[in-house]
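Working notes, beginning with the structure itself.
Just so we're on the same page: letters track the sequence lines, and every chain starts at 1. Note: hydrogens, waters and symmetry copies are ignored here, and every other heavy atom, side chains too, is used.
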Amino acid sequence: MNPVKILKTIGIVIVALAIYLGLLATLIHFEQASDESSITNLGEAIWYSIVTMTTVGYGDMYPVTNQGKWIGYLFIIASMGVLGLLIGRISNVINEVRENRRLGYNGTGFTNHVVIIGWNRYAQTVLEQLVAAGVKIAVILDRRSQLELLAESYEKDQVYFLLADHHNFELARKANIEVANIVFVNLEDDTDKLVYLVNSSKFYHRKIRHAVVVNDHELVPAFKSAGADIVLSRDEIDAKLTASFIFEPEVAKYTEQLISTAADEDSFDVQQYRVVAKNRFKDRYYLDAFFEIKKQLDAILIGLATTIDGESVVLGNPDDPELKISEGDYLILITSGRVAKQLQRAFGVAEGSL
Amino acid sequence: MAFELPGFKDFVVIIGWDNFAALVVDQLVDANRQVVVLADDRKTVERITSTYDAQWVMAIEMDFLNLEEIKRLPMERAFGVYVNLATDRERLLFIYKLRKYFDDLSIISPVVNPELKESFSVHRQIFPLSRDEISAKILASHLFERDVATYLNELLSPALSDEDHDIQQYRVPRDNPFCNQMYGDVFIALKKKYNAVLIGISKQTTRGFQLRKNPPDETLVQEGDYLIAILNGRSSHELDATFAVGEGA
């Protein structure tokens, strides 16, 4: 609820209370003048007014003076509206809270999450990969019909939906966009994406990481210079796997499965695990780790992400016999969904780089 | 009159031309594959001819929707066909017709609507590719496991230098030293001798090839199977010599 609305409601309650107390005081004033009166103090007056306004009407107390009866008429007339008004207001407030939650206006507490701007089938494929990997996601979409279809399809503690114009940067704050790990700008055409990037960097004071998938691969440099951190050309990626399918179909089938997040225990996936202090392969030779991980954990170590001379590098299948695994490196492995659970226990960390 | 295409062997035929087809051809040429492009207008043919080395890419002007025209090509020497028509409907109809004319040809086709994937693969040797799914999955990888994404991108690209890594498949001939050995032993031997990481095997069965990822160590490597490994260009040359076959299908 916005502050103006809250102040207005408080004002109405104060005025209503003042009128009510004024009527009670007047009622007591007139009734005290009669010896037969049953309403002579505030407690009795409140009891009488509530019993009357809620239409209970015990009849144990009632005004006897003419002036008191006139005030009694007011309570009787009020009894017809007050209850309905109260119930109506309460149900309105409940509906508003529920609607706000459904449209995402209550905000989310997600941090280090992924924000997806714009919704279509492509975004859904990305979202499903992220959900399978246990990543928290906030989706900003601009069509109510889409939100109504999607809201019940995902766990609320993992996926948050916000109905907002894609370019409404203020409202996007409800998705905790400034503390997100990365924002995937999934607008329909490349120009829209570029405009979003430019305006976003002007609006937010914090540096936000952006990822975009461009339709026209020749625009990749333009997006990079606009500050996008990850720029992928949809066609270039697809062309690589298409070519692979043409001349080495078994490899392509394998690769296609490797790029998918393992959705069940039997599917395979490439994963990365950060080497923490308690990882038993820390300070061990890469080659020793390669054979031990295969033998003991049934996963295939295929690379190491490490730092050389202050620069992050990904070493694919390194053959240096002196290469050691250090704390903070990432082990890159091929593993099944079943083995992934053992790996998380063995390495003491969850998969991924978030 | 038939097209002879002298010097073209195990080539890939691309039906239809656009920017995406150009990217696919770039990848194929990088992987040393010859390509024949069928286009239906002269200007496109001229542009392709002037862009690529004629030893690797040949463009032919043809009404490719007429299958009788395609029969003029030496399709028995073709490795596969990539159907690059505009819509799922056009592609589906074309694939059904093509399969009637050419029984065993590998057919690769993009599919825009992933729910149609099954309709495309009713015949064997047809590989439907849901394009959006591929890039969406790679992007998801970039979002939460950036090093994996970097690695996968390298694995997807053909190895251009001896240091580049690639996933490759090697057919096991009868006289191969790894033939009739246990998968676990081959895994260790390949890593120790060639720095190749064995990641799976494609077993020949009565119903075609069955892909087994990281199978149990006791799995027997037999003649005709494909070993699938990650290796760099240097290791690849050594393995080519050992397997006495080149990489690929």
Does any heavy atom of chain A fall under 4.5 Å from the side chain of B:V197, the backbone, both, or neither of them? both
Heavy-atom cut-off 4.5 Å, strictly under: side chain, backbone, both or neither for A:V126 against chain B? both
Taking NZ, NE, NH1 and NH2 as the nitrogens, is one of them in B:K192 or A:D319 under 4.0 Å from a carboxylate oxygen of the other? no
Any residue meeting side chain to side chain donor-acceptor pair (under 3.5 Å) with A:E236, in chain and number order, not counting sequence neighbours: none
Applying a strict 4.5 Å limit to non-hydrogen atoms, the region of B:P215 in contact with chain A is backbone
Using heavy-atom distances under 4.5 Å, tell me whether B:L139 contacts chain A through its side chain, its backbone, both, or neither. both
Please confirm whether A:Y330 and B:Y151 have ring centers closer than 6.0 angstrom. no
Is a side-chain N or O of A:Q272 found less than 3.5 angstrom from the main chain of B:D147, in a donor-acceptor match? yes
By the side chain to side chain donor-acceptor pair (under 3.5 Å) test, which pairs, at least two apart or in different chains, include something from residues 10-25 of chain B? B:D18-B:N84
Indicate the atoms forming the closest heavy-atom contact of B:I199 with A:I334, along with that distance. CG2-CD1, 3.5 Å
In terms of ring plane angle, is the pair B:F187 and A:F291 parallel, tilted or perpendicular, where the classes change at 30° and 60°? perpendicular
Proximity breakdown for B:I107 and chain A, heavy-atom pairs closer than 4.5 Å: neither
Less than 4.5 Å to any heavy atom of chain B: does that hold for the side chain of A:V270, its backbone, both, or neither? both
With only heavy atoms counted, which part of A:I302 is less than 4.5 Å from chain B, the side chain, the backbone, both or neither? both
